[in-house]
J.: 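Sharing a structure here in structure tokens format.
Here, residue 1 is the first one in the sequence, and each next residue gets the next number.
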Amino acid sequence: MQEAAGVLKEGFLVKRGHIVRNWKVRWFVLLQDKLLYYKIEGGKKEPSPKGRILLDGCTITCPCLEYENRPLLIKLRTKTNTDYFLECCSREERDSWALDITGAIHAGHPVQVQELHRMKNSFKLLENISLHHIVERMCDSNTGIKLTRNLEQGNRYKETFTGSALVDWLISNSFAVSRFEAITLASMLMEENFIKPVGARSTEATRYSDLSEQFLDDSTALYMFAESSKKNISSKEELQFNISELSGTIVKQGFLVKQGHKRKNWKVRRFVLRADPAFLHYYDPTKEENRPVGGFSLRGCLVSALEDNGVPAGVKGNVQGNLFKIITKNDIHYYIQASSKAERAQWIEAIKPLT
């Protein structure tokens with residue numbers, strides 16, 4: 001899964017199927033004129049692509065909010081009106097993929113590419129914009145912003161939305177054309193007391209003097225409508241994990257391939273590394289519910305890279321390259337594969353201080 005000549009970008013994305021509308025993790029490779037995707041079997045990319053998306057005449061929608069429980073989608077529509085839905089593991093990764101795909105679509109048209117980069121940091125609010133109208137649209141039961149329950153520092157807040165979710169919604173509903181513009185608009189909504197921060201992270205940001213810095217375009221910063229400002233905290237509810245495990249600050253997240261404990265097969269999982277408390281959780285990216293399928297405390301763990309020459313001891317199947325191992329204080333061994341040596345080093349570097 002290393003970069004090859006002519007490759008503009010590559011990595012894991014979650015793709016919706018065309019016939020059976022389920023979601024599968026695929027390895028995507030962006031070339032100048034097409035987007036290839038491959039199946040991963042036993043930790044290896046199959047030699048031939050499973051499919052391809054021709055970029056000539058494509059249109060891209062990002063953010064795409066057609067699936068409530070999948071807020072990190074990119075939608076590609078080909079010139080034959082075939083829709084492809086691709087999900088990323090973070091807002092930053094989604095925006096990076098969208099920018100690179102858009103650049104490939106418009107390759108050969110430098111003026112359009114320059115305009116895309118200019119719009120990224122543009123600021124021009126709609127004339128005669130009404131904040132009341134925006135809030136009315138936000139509250140619409142069908143097309144408004146989705147209110148969810150969120151965790152922060154052990155507290156569970158009801159009827160909240162994240163900063164990045166609001167930015168996505170403002171862009172998707174044509175109230176803003178760039179993230180910078182949407183952040184400024186969201187700050188105005190907060191300044192006029194239409195929305196308010198909840199939880200320590202978003203509340204702390206309001207201490208900045210610059211209005212544009214008071215609202216956080218962040219998936220961990222929580223906000224709610226000002227009139228529903230009561231903090232609602234539940235105990236453990238339906239979570240199979242202790243709430244405190246999931247309340248730490250997210251340090252790093254991304255797709256990695258993990259060996260199972262029972263069947264020893266290899267599956268792509270979305271890993272989320274948290275600090276205070278230090279935990280590593282992993283999620284099934286093909287499922288809509290945002291609950292971990294596993295996780296463990298990092299206190300007392302050992303993490304190390306495995307040799308790239310041959311199949312290391314403890315690894316089942318012909319899986320090799322970019323592997324690392326985590327041993328918990330209870331002597332449980334986790335074998336994980338990154339997509340490159342650089343990514344493996346980044347994960348190890350991020351995990352070690354938390355052990």
J.: For a side-chain contact (heavy atoms from CB on, under 4.5 Å) check, start with the C-alpha distance between Gln337 and Val315, then their side-chain angles and the critical distance, and finish with the verdict.
T.: CA-CA 11 Å; Gln337 184 183 43; Val315 173; over 6 Å; no

J.: Just to verify, what does Lys329 make a side chain to side chain contact (heavy atoms under 4.5 Å, CB included) with, not counting sequence neighbours?
T.: none

J.: With side chains defined as the heavy atoms from C-beta onward, is the minimum distance between Tyr37 and Leu13 less than 4.5 Å?
T.: no

J.: List for me each residue that meets salt bridge (Lys or Arg N to Asp or Glu O under 4.0 Å) alongside Arg77, sequence neighbours excluded, and say none if there are none.
T.: Asp83

J.: Checking Lys39 now: which residues fulfil salt bridge (Lys or Arg N to Asp or Glu O under 4.0 Å) with it, not counting sequence neighbours?
T.: Glu41

J.: List in chain and number order the residues that pass ring pair (Phe, Tyr, Trp, His ring centres under 6.0 Å) with Tyr223, two or more places apart in sequence or in another chain; answer none if no residue qualifies.
T.: Phe215

J.: Tell me, do Val135 and Leu189 make a side-chain contact under 4.5 Å, heavy atoms counted?
T.: yes

J.: Got a sec, which residues hit ring pair (Phe, Tyr, Trp, His ring centres under 6.0 Å) with Tyr283, two or more places apart in sequence or on another chain?
T.: none

J.: Which residues pass the ring pair (Phe, Tyr, Trp, His ring centres under 6.0 Å) test with Trp23, not counting sequence neighbours?
T.: Tyr67

J.: With rounding to the nearest 0.5 angstrom, report the OH to CG distance, Tyr282 to Leu280.
T.: 9.0 Å

J.: Does the separation of the ring centres of Phe12 and Trp27 fall below 6.0 angstrom?
T.: yes

J.: Do Leu273 and Val251 have side-chain heavy atoms sitting under 4.5 Å apart?
T.: yes

J.: Got a second to check how far Leu35's CG is from Ile74's CD1, nearest 0.5 Å?
T.: 9.0 Å

J.: Given side-chain contact (heavy atoms from CB on, under 4.5 Å), test Leu30 with Ile101 step by step and report yes or no.
T.: CA-CA 7 Å; Leu30 176 62; Ile101 292 172; 4.2 Å; yes

J.: How many angstroms lie between atom CD1 of Ile134 and atom CD1 of Ile145, to the nearest 0.5 angstrom?
T.: 12.0 Å

J.: Would you mind listing every salt bridge (Lys or Arg N to Asp or Glu O under 4.0 Å) that reaches into residues 53-64, with sequence neighbours excluded?
T.: Asp56-Lys79

J.: For Asp217, is there any backbone N or O sitting under 3.5 Å from a side-chain donor or acceptor partner on Arg91?
T.: yes

J.: Indicate yes or no: at least one non-hydrogen side-chain atom of Arg274 is less than 4.5 angstrom from one of Val272.
T.: yes

J.: Quick one: side-chain hydrogen bond (donor to acceptor under 3.5 Å, both in side chains) partners of Thr59, sequence neighbours excluded?
T.: none

J.: Restricting to side-chain hydrogen bond (donor to acceptor under 3.5 Å, both in side chains), what partner residues turn up for Glu66, sequence neighbours left out?
T.: Lys75

J.: Measuring from atom SG of Cys88 to atom CZ of Arg94, what distance do you get when rounded to the nearest 0.5 angstrom?
T.: 7.5 Å

J.: Can you find a heavy atom in the side chain of Pro285 that is under 4.5 Å from one in the side chain of Glu87?
T.: no

J.: Checking Ser202 side chain against Leu222 main chain: does a donor-acceptor pair fall under 3.5 Å?
T.: yes

J.: Mind running side-chain contact (heavy atoms from CB on, under 4.5 Å) on Cys62 and Asp95 for me, showing each step along the way?
T.: CA-CA 8 Å; Cys62 179; Asp95 291 351; 4.0 Å; yes

J.: If only atom types and distance count, is the side chain of Arg137 paired as donor or acceptor with the main-chain N or O of His132 below 3.5 Å?
T.: no

J.: Linking I/L/V/M/F/W/Y whenever their side-chain heavy atoms sit closer than 4.5 Å, directly or via other members, would Leu256 and Leu72 fall into one cluster?
T.: no

J.: Quick check for you: to the nearest 0.5 Å, what is the distance between Asp218 atom CG and Thr162 atom OG1?
T.: 8.0 Å

J.: How close do Arg70 and Thr286 get, heavy atom to heavy atom, and via which atoms?
T.: NH2-O, 2.8 Å

J.: If Ile, Leu, Val, Met, Phe, Trp and Tyr residues are connected whenever their side-chain heavy atoms lie under 4.5 Å apart, and connections chain through other members, are Leu131 and Met190 in the same group?
T.: yes

J.: Which atoms form the tightest heavy-atom contact between Cys58 and Ile105, and what is the distance?
T.: O-CG2, 3.6 Å

J.: Not counting sequence neighbours, which residues clear side-chain hydrogen bond (donor to acceptor under 3.5 Å, both in side chains) with Lys146? List them please.
T.: Asn69

J.: Indicate the atoms forming the closest heavy-atom contact of Ile348 with Ser304, along with that distance.
T.: CD1-C, 4.1 Å

J.: side-chain contact (heavy atoms from CB on, under 4.5 Å) between Lys258 and Lys267: does it pass, once the steps are laid out?
T.: CA-CA 6 Å; Lys258 172 186 168 293; Lys267 291 187 177 181; over 6 Å; no

J.: Is it the case that atom NZ in Lys24 sees more than 12 heavy atoms from other parts of the structure closer than 6.0 Å?
T.: no

J.: So Tyr335 and His333, would you call those rings parallel, tilted or perpendicular, with 30° and 60° as cut-offs?
T.: tilted

J.: Could you check if a side-chain atom of Val7 sits within less than 4.5 angstrom of a side-chain atom of Leu31, using non-hydrogen atoms only?
T.: yes

J.: Tell me whether Thr203 contacts the main-chain N or O of Ala200 through its side chain, where contact means a donor paired with an acceptor under 3.5 Å.
T.: no

J.: What pair of heavy atoms forms the shortest contact from Leu216 to Ala221, and how long is it?
T.: CB-CB, 3.8 Å

J.: Would a hydrophobic clustering, with Ile, Leu, Val, Met, Phe, Trp and Tyr connected at side-chain separations under 4.5 Å, put Val25 with Ile40?
T.: yes

J.: Fit a plane to each ring of Trp347 and Phe271, take the angle between them on a 0 to 90° scale, and name the class: parallel (under 30°), tilted (30 to 60°) or perpendicular (over 60°).
T.: perpendicular

J.: Only counting residues at least two apart or in another chain, list the ones meeting ring pair (Phe, Tyr, Trp, His ring centres under 6.0 Å) with Trp169.
T.: Phe175

J.: Tell me, please, which residues at least two apart from Glu92 pass side chain to side chain contact (heavy atoms under 4.5 Å, CB included).
T.: Ser90

J.: Between Ile171 and Val167, is any pair of side-chain heavy atoms under 4.5 Å apart?
T.: yes

J.: So do Phe324 and Ile326 actually touch side chain to side chain, heavy atoms under 4.5 Å?
T.: yes

J.: Return yes if some donor-acceptor pair links the side-chain N/O of Thr160 with the main-chain N/O of Thr148 below 3.5 Å, else return no.
T.: yes

J.: Has the side chain of Arg344 got a donor or acceptor atom that lies under 3.5 Å from a matching backbone atom of Leu306?
T.: yes

J.: Main chain of Met224, side chain of Glu159: is a donor-acceptor contact present, judged purely on distance under 3.5 Å?
T.: no

J.: Could you tell me which non-hydrogen atom of Gln32 sits nearest to which non-hydrogen atom of Leu55, and how far apart they are?
T.: O-CD1, 4.4 Å

J.: Decide if atom NZ of Lys264 counts as having more than 12 heavy atoms of other residues, nucleotides or ligands within a radius under 6.0 Å.
T.: yes

J.: Rounded to the nearest 0.5 Å, what's the gap from CZ on Arg26 to CD on Glu46? Could you check?
T.: 8.5 Å

J.: Which pair of heavy atoms, one from Ile195 and one from Leu166, lies closest together, and at what distance?
T.: CD1-CD2, 3.8 Å

J.: Linking I/L/V/M/F/W/Y whenever their side-chain heavy atoms sit closer than 4.5 Å, directly or via other members, would Ile327 and Leu323 fall into one cluster?
T.: no

J.: Ion pair present between Arg270 and Asp284, side-chain N to carboxylate O less than 4.0 angstrom?
T.: no

